[in-house]
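Below is one structure; the comments refer to it alone.
FYI, side chains are in, hydrogens and waters are out, and symmetry mates aren't considered; it's all heavy atoms of this structure. Here is the naming used below: chain letters follow the sequence lines, and residue numbers restart at 1 for every chain.
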Number of protein chains: 2
Amino acid sequence: MADMTSMAGGSDPTHSPSEIAAAWQRERPGTPTGSIEIVTPIWRLAKLFSDDRVRVLRAAGIDAATLDLLSVIRRSGPPYALSTRELTRRTLVTAGAISQRVARAEREGLVRRAPGTTGRRTVMVSLTDEGHSLIERSVDAVLGREAMLVSGLSDSERDLLAGLLEKLTADVGRRLTDSR
Amino acid sequence: MADMTSMAGGSDPTHSPSEIAAAWQRERPGTPTGSIEIVTPIWRLAKLFSDDRVRVLRAAGIDAATLDLLSVIRRSGPPYALSTRELTRRTLVTAGAISQRVARAEREGLVRRAPGTTGRRTVMVSLTDEGHSLIERSVDAVLGREAMLVSGLSDSERDLLAGLLEKLTADVGRRLTDSR
DNA sequence: GCTGATACGTTTAGATCTAAACGTAACCGA
DNA sequence: TCGGTTACGTTTAGATCTAAACGTATCAGC
(Lines give C-alpha, C1' and ligand atoms only; values in the text may rest on other atoms or scores of the structure.)
Protein backbone atom coordinates (compact mmCIF):
# COMPACT_ATOMS: atom_id res chain seq x y z
CA MET A 1 0.00 0.00 0.00
CA ALA A 2 0.97 3.55 -0.29
CA ASP A 3 2.46 4.58 2.97
CA MET A 4 1.32 7.35 5.15
CA THR A 5 4.09 9.72 4.40
CA SER A 6 2.46 11.87 1.78
CA MET A 7 -0.55 13.88 2.55
CA ALA A 8 -0.48 16.93 0.41
CA GLY A 9 -3.59 18.92 0.75
CA GLY A 10 -2.95 19.33 4.38
CA SER A 11 -0.44 17.34 6.35
CA ASP A 12 1.36 20.23 8.00
CA PRO A 13 1.36 19.47 11.71
CA THR A 14 2.30 23.04 12.58
CA HIS A 15 -1.08 24.28 11.42
CA SER A 16 -4.58 23.15 12.22
CA PRO A 17 -6.72 21.74 9.40
CA SER A 18 -8.77 24.91 9.32
CA GLU A 19 -5.64 27.03 9.01
CA ILE A 20 -4.53 24.92 6.07
CA ALA A 21 -7.89 25.31 4.38
CA ALA A 22 -7.73 29.05 5.02
CA ALA A 23 -4.26 29.21 3.49
CA TRP A 24 -5.52 27.61 0.31
CA GLN A 25 -8.48 30.00 0.17
CA ARG A 26 -6.16 32.96 0.60
CA GLU A 27 -3.78 31.73 -2.08
CA ARG A 28 -6.30 30.21 -4.44
CA PRO A 29 -9.84 31.39 -3.78
CA GLY A 30 -12.30 28.70 -4.77
CA THR A 31 -10.03 25.74 -4.08
CA PRO A 32 -12.30 22.87 -2.95
CA THR A 33 -11.05 22.63 0.62
CA GLY A 34 -14.13 21.03 2.14
CA SER A 35 -12.47 17.67 2.77
CA ILE A 36 -9.37 18.97 4.50
CA GLU A 37 -10.87 19.11 7.96
CA ILE A 38 -11.76 15.44 7.66
CA VAL A 39 -8.85 13.96 5.75
CA THR A 40 -6.00 15.81 7.43
CA PRO A 41 -6.76 14.83 11.02
CA ILE A 42 -7.32 11.25 9.91
CA TRP A 43 -3.86 11.17 8.45
CA ARG A 44 -2.29 12.82 11.45
CA LEU A 45 -4.00 10.49 13.87
CA ALA A 46 -2.97 7.46 11.83
CA LYS A 47 0.61 8.61 12.08
CA LEU A 48 0.43 9.36 15.79
CA PHE A 49 -1.03 5.93 16.52
CA SER A 50 1.41 4.21 14.20
CA ASP A 51 4.52 5.86 15.60
CA ASP A 52 3.45 5.25 19.16
CA ARG A 53 2.75 1.61 18.44
CA VAL A 54 6.22 1.20 16.99
CA ARG A 55 7.68 2.57 20.21
CA VAL A 56 5.58 0.36 22.45
CA LEU A 57 6.38 -2.73 20.41
CA ARG A 58 10.09 -2.09 20.32
CA ALA A 59 10.05 -2.46 24.08
CA ALA A 60 8.12 -5.71 23.75
CA GLY A 61 10.60 -7.15 21.26
CA ILE A 62 8.27 -7.37 18.30
CA ASP A 63 7.66 -5.19 15.26
CA ALA A 64 4.35 -3.91 14.00
CA ALA A 65 4.28 -6.09 10.90
CA THR A 66 4.77 -9.24 12.94
CA LEU A 67 2.21 -8.17 15.52
CA ASP A 68 -0.23 -7.65 12.67
CA LEU A 69 0.39 -11.14 11.36
CA LEU A 70 0.20 -12.91 14.70
CA SER A 71 -2.86 -10.92 15.79
CA VAL A 72 -4.95 -11.92 12.83
CA ILE A 73 -4.11 -15.56 13.34
CA ARG A 74 -4.62 -15.40 17.09
CA ARG A 75 -8.04 -13.86 17.01
CA SER A 76 -9.27 -16.24 14.32
CA GLY A 77 -9.44 -18.77 17.20
CA PRO A 78 -8.33 -22.41 17.36
CA PRO A 79 -6.57 -24.04 15.63
CA TYR A 80 -4.77 -20.69 15.10
CA ALA A 81 -4.06 -21.25 11.43
CA LEU A 82 -4.90 -19.27 8.30
CA SER A 83 -3.90 -19.64 4.67
CA THR A 84 -1.63 -17.12 3.03
CA ARG A 85 -4.56 -16.14 0.89
CA GLU A 86 -6.73 -15.41 3.91
CA LEU A 87 -3.92 -13.49 5.60
CA THR A 88 -3.68 -11.27 2.56
CA ARG A 89 -7.41 -10.67 2.60
CA ARG A 90 -7.48 -9.73 6.27
CA THR A 91 -4.53 -7.38 6.09
CA LEU A 92 -3.86 -4.20 4.19
CA VAL A 93 -0.77 -5.44 2.36
CA THR A 94 -0.09 -7.39 -0.81
CA ALA A 95 0.40 -11.14 -1.08
CA GLY A 96 4.10 -10.57 -1.67
CA ALA A 97 4.44 -8.69 1.58
CA ILE A 98 2.61 -11.45 3.45
CA SER A 99 4.95 -14.00 1.99
CA GLN A 100 7.91 -12.00 3.24
CA ARG A 101 6.38 -11.38 6.65
CA VAL A 102 5.61 -15.05 7.12
CA ALA A 103 9.13 -16.00 6.07
CA ARG A 104 10.56 -13.61 8.66
CA ALA A 105 8.26 -14.81 11.43
CA GLU A 106 9.05 -18.40 10.54
CA ARG A 107 12.76 -17.70 10.74
CA GLU A 108 12.15 -16.33 14.24
CA GLY A 109 10.21 -19.42 15.22
CA LEU A 110 6.89 -17.62 15.68
CA VAL A 111 4.86 -19.38 13.00
CA ARG A 112 5.01 -22.58 11.02
CA ARG A 113 4.02 -23.26 7.42
CA ALA A 114 2.32 -26.43 6.31
CA PRO A 115 0.50 -27.50 3.14
CA GLY A 116 -3.24 -27.17 3.52
CA THR A 117 -5.50 -30.20 3.30
CA THR A 118 -8.30 -28.48 1.46
CA GLY A 119 -7.00 -28.58 -2.08
CA ARG A 120 -6.03 -25.54 -4.11
CA ARG A 121 -2.39 -25.76 -3.10
CA THR A 122 -2.89 -23.54 -0.07
CA VAL A 123 -0.26 -22.96 2.60
CA MET A 124 -1.52 -22.85 6.16
CA VAL A 125 0.32 -20.56 8.55
CA SER A 126 -0.07 -21.45 12.21
CA LEU A 127 1.26 -20.10 15.50
CA THR A 128 4.02 -21.90 17.32
CA ASP A 129 3.91 -21.94 21.11
CA GLU A 130 6.44 -19.16 21.09
CA GLY A 131 4.37 -17.11 18.66
CA HIS A 132 1.29 -17.68 20.76
CA SER A 133 2.90 -16.52 23.95
CA LEU A 134 4.45 -13.51 22.23
CA ILE A 135 1.12 -12.29 21.00
CA GLU A 136 -0.48 -12.88 24.39
CA ARG A 137 2.17 -10.70 25.95
CA SER A 138 1.84 -7.94 23.34
CA VAL A 139 -1.85 -7.49 22.71
CA ASP A 140 -2.83 -6.06 26.06
CA ALA A 141 0.15 -3.72 25.99
CA VAL A 142 -0.76 -2.30 22.60
CA LEU A 143 -4.52 -2.11 23.05
CA GLY A 144 -4.22 -0.87 26.61
CA ARG A 145 -1.93 1.87 25.45
CA GLU A 146 -4.33 2.89 22.70
CA ALA A 147 -7.25 2.88 25.10
CA MET A 148 -5.29 5.34 27.21
CA LEU A 149 -4.60 7.53 24.20
CA VAL A 150 -8.28 7.87 23.30
CA SER A 151 -9.48 8.19 26.89
CA GLY A 152 -9.86 11.94 26.56
CA LEU A 153 -13.18 11.39 24.83
CA SER A 154 -16.24 10.73 26.94
CA ASP A 155 -18.14 7.53 26.31
CA SER A 156 -20.81 9.31 24.33
CA GLU A 157 -18.24 11.21 22.29
CA ARG A 158 -16.44 7.98 21.55
CA ASP A 159 -19.59 6.27 20.38
CA LEU A 160 -20.55 9.24 18.29
CA LEU A 161 -17.11 9.37 16.66
CA ALA A 162 -17.06 5.61 16.07
CA GLY A 163 -20.44 5.81 14.38
CA LEU A 164 -19.43 8.66 12.11
CA LEU A 165 -16.18 6.93 11.18
CA GLU A 166 -17.97 3.72 10.36
CA LYS A 167 -20.46 5.57 8.21
CA LEU A 168 -17.70 7.43 6.42
CA THR A 169 -15.72 4.25 5.82
CA ALA A 170 -18.72 2.51 4.27
CA ASP A 171 -19.50 5.59 2.24
CA VAL A 172 -16.02 6.11 0.87
CA GLY A 173 -15.75 2.42 0.05
CA ARG A 174 -19.01 2.57 -1.88
CA ARG A 175 -17.96 5.62 -3.85
CA LEU A 176 -14.63 4.05 -4.71
CA THR A 177 -16.16 0.87 -6.06
CA ASP A 178 -18.74 2.88 -7.97
CA SER A 179 -16.11 4.99 -9.64
CA ARG A 180 -14.22 2.01 -11.05
CA MET B 1 7.57 7.56 9.63
CA ALA B 2 6.18 4.16 10.12
CA ASP B 3 4.03 3.36 7.19
CA MET B 4 0.42 2.46 7.27
CA THR B 5 0.79 -1.17 6.52
CA SER B 6 0.68 -2.60 9.98
CA MET B 7 -2.36 -2.15 12.05
CA ALA B 8 -2.60 -5.12 14.32
CA GLY B 9 -5.37 -4.72 16.75
CA GLY B 10 -7.81 -4.43 13.97
CA SER B 11 -6.87 -3.89 10.38
CA ASP B 12 -8.87 -6.71 8.84
CA PRO B 13 -10.98 -5.10 6.12
CA THR B 14 -13.20 -8.15 5.87
CA HIS B 15 -14.64 -7.49 9.31
CA SER B 16 -16.10 -4.39 10.88
CA PRO B 17 -14.31 -2.84 13.85
CA SER B 18 -17.01 -4.13 16.18
CA GLU B 19 -16.60 -7.65 14.82
CA ILE B 20 -12.87 -7.45 15.46
CA ALA B 21 -13.45 -6.27 19.02
CA ALA B 22 -15.97 -9.08 19.51
CA ALA B 23 -13.47 -11.62 18.20
CA TRP B 24 -10.92 -10.51 20.80
CA GLN B 25 -13.52 -10.70 23.55
CA ARG B 26 -14.48 -14.19 22.49
CA GLU B 27 -10.87 -15.34 22.33
CA ARG B 28 -9.50 -13.36 25.23
CA PRO B 29 -12.22 -12.05 27.53
CA GLY B 30 -11.10 -8.85 29.16
CA THR B 31 -8.86 -7.67 26.34
CA PRO B 32 -9.00 -3.84 26.34
CA THR B 33 -10.75 -3.40 23.02
CA GLY B 34 -12.24 0.01 23.68
CA SER B 35 -10.01 1.81 21.20
CA ILE B 36 -10.56 -0.51 18.24
CA GLU B 37 -13.68 1.20 16.96
CA ILE B 38 -11.77 4.46 16.79
CA VAL B 39 -8.31 3.41 15.68
CA THR B 40 -9.25 0.80 13.09
CA PRO B 41 -11.50 2.97 10.93
CA ILE B 42 -8.93 5.76 11.09
CA TRP B 43 -6.33 3.44 9.67
CA ARG B 44 -8.64 2.08 7.03
CA LEU B 45 -9.73 5.52 5.92
CA ALA B 46 -6.13 6.72 5.77
CA LYS B 47 -5.37 3.83 3.46
CA LEU B 48 -8.43 4.38 1.30
CA PHE B 49 -7.61 8.06 0.86
CA SER B 50 -3.95 7.36 0.29
CA ASP B 51 -4.46 4.67 -2.34
CA ASP B 52 -7.03 6.73 -4.17
CA ARG B 53 -4.77 9.75 -4.19
CA VAL B 54 -1.98 7.68 -5.71
CA ARG B 55 -4.31 6.65 -8.51
CA VAL B 56 -5.52 10.18 -9.16
CA LEU B 57 -2.01 11.56 -9.18
CA ARG B 58 -0.63 8.91 -11.48
CA ALA B 59 -3.03 10.24 -14.09
CA ALA B 60 -1.79 13.79 -13.44
CA GLY B 61 1.87 12.79 -13.86
CA ILE B 62 2.97 13.50 -10.32
CA ASP B 63 3.53 11.32 -7.27
CA ALA B 64 2.16 11.90 -3.81
CA ALA B 65 5.50 12.77 -2.23
CA THR B 66 6.14 15.47 -4.81
CA LEU B 67 2.60 16.82 -4.50
CA ASP B 68 3.14 17.04 -0.76
CA LEU B 69 6.33 19.01 -1.24
CA LEU B 70 5.00 21.41 -3.85
CA SER B 71 1.73 21.94 -1.94
CA VAL B 72 3.40 23.08 1.22
CA ILE B 73 5.52 25.56 -0.69
CA ARG B 74 2.62 26.74 -2.84
CA ARG B 75 0.26 27.50 -0.01
CA SER B 76 2.92 29.30 1.99
CA GLY B 77 2.34 32.12 -0.50
CA PRO B 78 4.81 34.34 -2.35
CA PRO B 79 7.72 34.11 -2.83
CA TYR B 80 6.98 30.39 -2.82
CA ALA B 81 10.13 29.40 -0.96
CA LEU B 82 10.73 27.51 2.28
CA SER B 83 13.88 26.25 3.96
CA THR B 84 14.56 22.53 4.18
CA ARG B 85 14.12 22.87 7.92
CA GLU B 86 10.69 24.37 7.55
CA LEU B 87 9.69 21.76 4.99
CA THR B 88 10.59 19.05 7.48
CA ARG B 89 8.54 20.73 10.17
CA ARG B 90 5.48 21.06 7.97
CA THR B 91 5.57 17.51 6.72
CA LEU B 92 5.32 14.13 8.37
CA VAL B 93 8.66 12.82 7.17
CA THR B 94 12.27 13.07 8.34
CA ALA B 95 14.82 15.60 7.18
CA GLY B 96 16.58 12.89 5.20
CA ALA B 97 13.42 12.14 3.27
CA ILE B 98 12.91 15.83 2.52
CA SER B 99 16.43 16.06 1.22
CA GLN B 100 15.76 13.18 -1.14
CA ARG B 101 12.40 14.51 -2.23
CA VAL B 102 13.84 17.90 -2.99
CA ALA B 103 16.67 16.33 -4.94
CA ARG B 104 14.17 14.37 -7.03
CA ALA B 105 11.95 17.36 -7.65
CA GLU B 106 14.97 19.44 -8.54
CA ARG B 107 16.09 16.82 -11.03
CA GLU B 108 12.65 17.08 -12.62
CA GLY B 109 12.88 20.84 -12.78
CA LEU B 110 10.05 21.49 -10.34
CA VAL B 111 11.98 23.27 -7.62
CA ARG B 112 15.24 25.13 -7.23
CA ARG B 113 17.65 25.24 -4.30
CA ALA B 114 19.45 28.36 -3.21
CA PRO B 115 21.40 29.36 -0.14
CA GLY B 116 19.28 31.38 2.26
CA THR B 117 20.16 34.94 3.14
CA THR B 118 19.15 34.73 6.79
CA GLY B 119 22.21 33.09 8.28
CA ARG B 120 22.28 29.65 9.81
CA ARG B 121 23.32 28.01 6.59
CA THR B 122 19.78 27.39 5.44
CA VAL B 123 18.82 26.17 1.99
CA MET B 124 15.76 27.75 0.46
CA VAL B 125 13.66 25.57 -1.81
CA SER B 126 11.50 27.47 -4.26
CA LEU B 127 9.07 26.58 -7.03
CA THR B 128 10.11 26.88 -10.64
CA ASP B 129 7.49 28.00 -13.15
CA GLU B 130 7.04 24.40 -14.12
CA GLY B 131 6.59 23.34 -10.50
CA HIS B 132 4.10 26.13 -9.98
CA SER B 133 1.97 25.17 -12.92
CA LEU B 134 2.10 21.49 -12.03
CA ILE B 135 0.76 22.14 -8.56
CA GLU B 136 -1.94 24.43 -9.94
CA ARG B 137 -3.08 21.64 -12.20
CA SER B 138 -3.03 18.99 -9.47
CA VAL B 139 -4.52 20.59 -6.39
CA ASP B 140 -8.07 20.96 -7.61
CA ALA B 141 -8.03 17.41 -8.95
CA VAL B 142 -6.94 15.93 -5.65
CA LEU B 143 -9.02 18.06 -3.34
CA GLY B 144 -12.05 17.88 -5.59
CA ARG B 145 -11.81 14.15 -5.64
CA GLU B 146 -11.59 13.99 -1.86
CA ALA B 147 -14.53 16.34 -1.48
CA MET B 148 -16.53 13.88 -3.56
CA LEU B 149 -15.41 10.96 -1.41
CA VAL B 150 -16.62 12.57 1.81
CA SER B 151 -19.79 13.99 0.30
CA GLY B 152 -21.90 11.23 1.81
CA LEU B 153 -21.87 13.09 5.09
CA SER B 154 -24.32 15.93 5.59
CA ASP B 155 -22.89 19.32 6.47
CA SER B 156 -23.75 18.92 10.11
CA GLU B 157 -22.30 15.43 10.24
CA ARG B 158 -19.14 16.68 8.63
CA ASP B 159 -18.75 19.52 11.11
CA LEU B 160 -19.44 17.18 13.99
CA LEU B 161 -16.87 14.67 12.76
CA ALA B 162 -14.30 17.38 12.09
CA GLY B 163 -14.75 18.70 15.62
CA LEU B 164 -14.37 15.30 17.22
CA LEU B 165 -11.29 14.51 15.14
CA GLU B 166 -9.68 17.80 16.05
CA LYS B 167 -10.39 17.22 19.70
CA LEU B 168 -8.98 13.71 19.53
CA THR B 169 -5.86 14.86 17.70
CA ALA B 170 -5.14 17.51 20.33
CA ASP B 171 -5.85 15.04 23.08
CA VAL B 172 -3.66 12.26 21.77
CA GLY B 173 -0.87 14.72 21.10
CA ARG B 174 -1.07 15.96 24.66
CA ARG B 175 -0.99 12.47 26.14
CA LEU B 176 1.97 11.55 23.99
CA THR B 177 4.04 14.51 25.08
CA ASP B 178 3.04 13.95 28.70
CA SER B 179 4.17 10.35 28.61
CA ARG B 180 7.67 11.18 27.46
C1' DG C 1 -7.91 -38.57 -19.06
C1' DC C 2 -6.34 -34.26 -21.50
C1' DT C 3 -5.62 -29.47 -21.79
C1' DG C 4 -6.21 -24.77 -21.17
C1' DA C 5 -7.52 -21.57 -17.67
C1' DT C 6 -7.13 -20.11 -13.10
C1' DA C 7 -5.69 -19.75 -8.29
C1' DC C 8 -2.03 -19.39 -5.14
C1' DG C 9 2.24 -18.51 -3.24
C1' DT C 10 7.00 -16.93 -3.97
C1' DT C 11 10.61 -14.29 -5.91
C1' DT C 12 12.68 -10.26 -7.85
C1' DA C 13 13.52 -5.50 -9.21
C1' DG C 14 12.87 -1.07 -7.94
C1' DA C 15 11.20 2.67 -4.98
C1' DT C 16 11.34 5.21 -0.85
C1' DC C 17 11.49 5.61 3.88
C1' DT C 18 13.98 5.91 8.61
C1' DA C 19 17.86 6.24 11.70
C1' DA C 20 22.22 7.39 12.20
C1' DA C 21 26.60 9.06 10.73
C1' DC C 22 28.64 13.00 8.74
C1' DG C 23 30.41 17.51 7.32
C1' DT C 24 30.11 22.19 7.80
C1' DA C 25 28.52 26.81 8.95
C1' DA C 26 27.06 29.80 12.42
C1' DC C 27 26.80 31.15 17.05
C1' DC C 28 28.28 31.93 21.86
C1' DG C 29 30.64 32.36 26.24
C1' DA C 30 34.95 33.39 28.11
C1' DT D 1 39.24 36.22 19.18
C1' DC D 2 38.94 31.50 19.86
C1' DG D 3 37.27 26.94 20.59
C1' DG D 4 33.46 24.24 21.57
C1' DT D 5 28.59 23.59 20.79
C1' DT D 6 24.66 23.55 18.17
C1' DA D 7 21.89 23.80 13.96
C1' DC D 8 21.20 22.26 9.45
C1' DG D 9 21.34 19.65 5.45
C1' DT D 10 23.07 15.51 3.07
C1' DT D 11 24.52 10.89 2.62
C1' DT D 12 24.49 6.07 3.57
C1' DA D 13 23.07 1.51 5.21
C1' DG D 14 19.37 -1.18 5.99
C1' DA D 15 14.46 -2.34 6.15
C1' DT D 16 10.27 -3.29 3.92
C1' DC D 17 6.87 -2.39 0.74
C1' DT D 18 4.57 -2.75 -4.11
C1' DA D 19 4.02 -4.43 -8.77
C1' DA D 20 5.00 -7.71 -11.78
C1' DA D 21 7.04 -11.91 -13.32
C1' DC D 22 7.10 -16.70 -12.24
C1' DG D 23 6.36 -21.57 -11.27
C1' DT D 24 3.35 -24.86 -10.20
C1' DA D 25 -0.87 -27.17 -8.53
C1' DT D 26 -5.67 -27.65 -9.19
C1' DC D 27 -9.93 -27.46 -11.57
C1' DA D 28 -13.41 -27.55 -15.35
C1' DG D 29 -15.06 -28.82 -19.67
C1' DC D 30 -14.72 -31.85 -23.33
(request) Between A:R58 and A:T88, just flag the one whose closest nucleotide in DNA chain C comes earlier from the 5' side. (result)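 The answer here is A:T88.
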(request) Could I get the full list of salt bridge (Lys or Arg N to Asp or Glu O under 4.0 Å) partners for A:D52, not counting sequence neighbours? (result)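 Only A:R55, A:R145 meet the salt bridge (Lys or Arg N to Asp or Glu O under 4.0 Å) criterion with A:D52.
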(message) For the CD1 atom of B:I36 and the CD atom of B:E19, what is their distance to the nearest 0.5 Å?
(response)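 Output value for this atom pair is 12.0 Å.
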Given [options], identify the nucleotide with an atom nearest to the side chain of [X].
X      : options                : value
B:T94  : D:dC17, D:dC8, C:dA19  : C:dA19
B:A65  : C:dC17, D:dC8, C:dG9   : C:dC17
B:R121 : D:dC17, C:dT24, C:dT10 : C:dT24

(request) Please report the shortest heavy-atom distance between A:L67 and A:S138, naming the atom on each side. (result)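 Looks like CD1-CB, 3.9 Å.
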(message) Enumerate the ring pair (Phe, Tyr, Trp, His ring centres under 6.0 Å) contacts for residues 57-77 of chain A, please, sequence neighbours excluded, ordered by first and then second residue.
(response)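 Non-adjacent pairs meeting ring pair (Phe, Tyr, Trp, His ring centres under 6.0 Å): zero.
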Dump every N/O contact between nucleotides 11-15 of chain C and the protein below 3.5 Å, one line per pair.
unit_1 : atom_1 : unit_2 : atom_2 : d
C:dT12 : O4     : A:Q100 : NE2    : 3.3

(message) If you compare every side-chain N and O of A:R85 against the phosphate oxygens of C:dC8 (OP1, OP2), does one of them come in below 4.0 Å?
(response)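 Checking C:dC8 against A:R85, a side-chain N or O does come within under 4.0 Å of OP1 or OP2.
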List every contact pair, protein side and nucleotides 2-4 of chain D side both N or O, where the distance is under 3.5 Å.
none

(message) As a test of understanding, state which of A:R104, A:E106, A:H132, A:E130 forms a side-chain contact (heavy atoms from CB on, under 4.5 Å) with A:V111.
(response)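 When side-chain contact (heavy atoms from CB on, under 4.5 Å) is applied between A:V111 and each of A:R104, A:E106, A:H132, A:E130, only A:E106 qualifies.
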(message) Checking A:T169 now: which residues fulfil side-chain hydrogen bond (donor to acceptor under 3.5 Å, both in side chains) with it, not counting sequence neighbours?
(response)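 side-chain hydrogen bond (donor to acceptor under 3.5 Å, both in side chains) list for A:T169, sorted by chain: empty.
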For residues 160-167 of chain B, run the donor-acceptor check on the side chains, cut-off 3.5 Å, and write out each pair with its distance to 0.1 Å, sequence neighbours left out.
unit_1 : atom_1 : unit_2 : atom_2 : d
B:K167 : NZ     : A:E157 : OE1    : 3.3
B:K167 : NZ     : A:E157 : OE2    : 3.4

(request) Indicate yes or no for a side-chain donor-acceptor contact from A:S50 to the backbone of A:K47 under 3.5 Å, with no hydrogens or angles considered. (result)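 It does not hold such a pair.
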